[in-house]
Amino acid sequence: MLNIRSFNLGPLQTNAYLLTGADPAKGIIIDPGMNPAALVRSIEGMEIEAILLTHAHFDHMGGVDEIRKLKKCPVYLHALESEWLTSAKLNGSLLWPDVAPPLTTDPAEYDLAEGQTLKMIGHTFRVFHTPGHSPGSVSFLCGDDLFSGDVLFKLGVGRTDLPGGRERDLFDSLRGKLYKLDEEVKVYPGHGPRTTIGFERVRNPYVTL
């Protein structure tokens with residue numbers, strides 16, 4: 001069974017997820033955002049196998065540097081955003097000085113790509129490349145749990161007016177990939193409450209199947 005804990009981090013209320021399997025002392029983290037003190041306290045004494053990033057906007061990677069140095073764990077990110085962790089301009093933190101200081105960290109240790117599978121904490125995570133909000137956005141599927149980043153929200157979708165965003169790509173990601181998943185799949189988004197694929201197929205006011 002996959003155990004999921006969520007943390008609402010930073011001024012943009014980004015959802016970070018701490019996932020554990022049968023061994024509660026081993027975990028992975030998805031999208032450690034800014035001001036990660038609560039998350040850091042929760043992983044004290046734990047082994048963190050990896051940090052997985054759905055994308056590299058500053059509000060999703062703001063806690064990477066602190067946690068990577070603390071736990072000496074690798075970071076996974078899609079290759080199209082390989083330079084974003086080292087560039088405050090690309091990750092957006094330089095453009096929002098009222099929200100965040102310029103944020104940078106070392107490059108990711110591993111690239112992510114469409115169709116890739118990751119075996120971690122006794123579970124298998126399937127990688128979907130779901131661009132539109134950003135060019136390297138990905139979603140992670142583990143069983144019936146989907147971590148969608150800023151691609152799909154409850155009754156919403158990710159904005160496409162940021163650098164590298166493209167509305168057509170976002171709609172293709174949803175209709176061509178995520179909406180094809182089973183309707184009972186639970187969606188854990190980058191912001192806001194949990195939802196399901198079945199609910200969004202029918203009710204999402206921006207993109208329905």
Side-chain angles (χ1 to χ4, degrees), residues 12-17 30-31 33 52-62 75-96 99-100 103 107-108 110-118 125-142 144-209:
L12 299 186
Q13 299 184 314
T14 303
N15 291 332
Y17 297 100
I30 296 178
D31 289 355
L52 307 183
L53 295 178
T54 61
H55 64 298
H57 281 149
F58 70 93
D59 58 315
H60 289 254
M61 54 70 70
V75 174
Y76 290 71
L77 175 68
H78 195 279
L80 286 176
E81 296 179 14
S82 61
E83 297 180 358
W84 289 31
L85 294 183
T86 62
S87 170
K89 181 178 180 181
L90 290 174
N91 66 47
S93 57
L94 193 65
L95 309 177
W96 298 77
V99 177
L103 295 171
Y110 297 104
D111 292 337
L112 296 170
E114 168 71 24
Q116 185 177 4
T117 56
L118 306 172
F125 295 81
R126 182 180 172 190
V127 179
F128 292 86
H129 182 211
T130 47
H133 174 66
S134 71
S137 284
V138 300
S139 301
F140 302 102
L141 180 68
C142 180
D144 288 334
D145 298 310
L146 179 76
F147 301 89
S148 63
D150 286 0
V151 174
L152 178 62
F153 305 128
K154 184 174 184 178
L155 297 175
V157 297
R159 58 189 295 177
T160 58
D161 59 339
L162 300 173
R166 190 166 184 257
E167 185 177 84
R168 180 176 176 180
D169 288 345
L170 183 74
F171 292 173
D172 287 347
S173 293
L174 291 171
R175 291 196 177 105
K177 294 181 182 179
L178 299 190
Y179 282 179
K180 290 186 175 181
L181 300 175
D182 292 340
E183 64 179 14
E184 66 269 17
V185 167
K186 297 180 289 294
V187 180
Y188 294 84
H191 303 271
R194 192 179 76 182
T195 185
T196 67
I197 289 295
F199 182 86
E200 299 307 319
R201 281 179 187 164
V202 176
R203 302 288 185 84
N204 194 295
Y206 298 94
V207 185
T208 53
L209 187 60

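Quick caveat, the model's predicted, so the values are computed rather than measured. For reference, positions follow the sequence shown, starting with 1.
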Should we say atom OH of Y206 is surrounded by more than 12 heavy atoms from elsewhere, each under 6.0 Å from it? no
Answer yes or no: is there a donor N or O on one side and an acceptor on the other, between the side chain of T86 and the main chain of P107, under 3.5 Å? no
Could you tell me whether the side chain of Q116 and the main chain of V127 form a donor-acceptor pair under 3.5 Å? no
Shortest non-hydrogen contact between Y17 and P189, atoms and distance: OH-O, 2.7 Å
Do other residues, nucleotides or ligands put more than 12 heavy atoms under 6.0 Å from the OH atom of Y110? no
Min side-chain heavy-atom separation L52-L118 under 4.5 Å: yes
Mind running side chain to side chain contact (heavy atoms under 4.5 Å, CB included) on K154 and F199 for me, showing each step along the way? CA-CA 8 Å; K154 184 174 184 178; F199 182 86; 4.2 Å; yes
Donor-acceptor under 3.5 Å (E200 side chain, L155 main chain): yes
May I have the step-by-step check of side chain to side chain contact (heavy atoms under 4.5 Å, CB included) for T54 and D150, ending in yes or no? CA-CA 8 Å; T54 61; D150 286 0; 5.9 Å; no
The reported gap from OG in S148 to CG in L178 (rounded to nearest 0.5 angstrom) is 7.0 Å
Could you measure the distance from the NZ atom of K186 to the CZ atom of F147? Nearest 0.5 Å is fine. 9.5 Å
Could you tell me whether the side chain of F125 reaches within less than 4.5 Å of the side chain of L112, counting heavy atoms only? no
Any donor and acceptor pair, going by atom type alone, linking the side chain of D31 with main-chain N or O of G149 inside 3.5 Å? no
Looking only at heavy atoms, what is the nearest atom pair of L146 and S139, with distance? CD1-CB, 4.0 Å
T208 side chain vs N204 backbone, donor-acceptor pair below 3.5 Å: no
Could you grab the distance from atom NZ of K177 to atom CG of D172, nearest 0.5 Å is fine? 9.0 Å
Distance (rounded to the nearest 0.5 Å) between T196 OG1 and L181 CG: 11.5 Å
Heavy-atom neighbours of R126 CZ exceed 12 at 6.0 Å: no
If you define the side chain from C-beta out and look only at heavy atoms, does anything of V207 sit under 4.5 Å from L152? no
From H55 atom NE2 to N91 atom CG, the distance as rounded to the nearest 0.5 Å: 10.5 Å
For S134 versus W84, what's the shortest heavy-atom pair and its separation? CB-CH2, 4.1 Å
Hey, does D182 have a side-chain heavy atom less than 4.5 Å from the side chain of I197? no
Is the shortest heavy-atom distance from the side chain of H60 to the side chain of H191 under 4.5 Å? yes
Please check if the number of heavy atoms outside E114 that lie under 6.0 Å from its CD is greater than 12. yes
Would you check, one step at a time, whether the test side chain to side chain contact (heavy atoms under 4.5 Å, CB included) holds for F58 with V99? CA-CA 10 Å; F58 70 93; V99 177; 3.9 Å; yes
Determine whether L53 and L85 make a side-chain contact, defined as any pair of heavy atoms from C-beta on separated by less than 4.5 Å. yes
Close side-chain approach of F128 to L141, heavy-atom, < 4.5 Å: yes
How close do P135 and G164 get, counting heavy atoms only, and between which atoms? CD-O, 3.4 Å
Parallel, tilted or perpendicular for H133 and H57, by the 30°/60° rule? perpendicular
More than 12 heavy atoms of other residues, nucleotides or ligands under 6.0 Å from CZ of R175: yes or no? yes
Report yes or no: does S93 contribute a side-chain atom to a donor-acceptor pair with the main-chain N or O of A100 at less than 3.5 Å? no
Begin from the C-alpha positions of Y188 and D145 and carry the test side chain to side chain contact (heavy atoms under 4.5 Å, CB included) through to its verdict. CA-CA 7 Å; Y188 294 84; D145 298 310; 3.5 Å; yes
How many angstroms lie between atom CG of D111 and atom OG of S82, to the nearest 0.5 angstrom? 6.5 Å
Heavy-atom pair of closest approach, residues A16 and G33: CB-N, 4.3 Å
ring-ring contact (aromatic ring centres under 6.0 Å, His included) involving F171 - partner list, sequence neighbours excluded: none
Where does the angle between the aromatic ring planes of H129 and H78 fall among parallel (under 30°), tilted (30 to 60°) and perpendicular (over 60°)? parallel
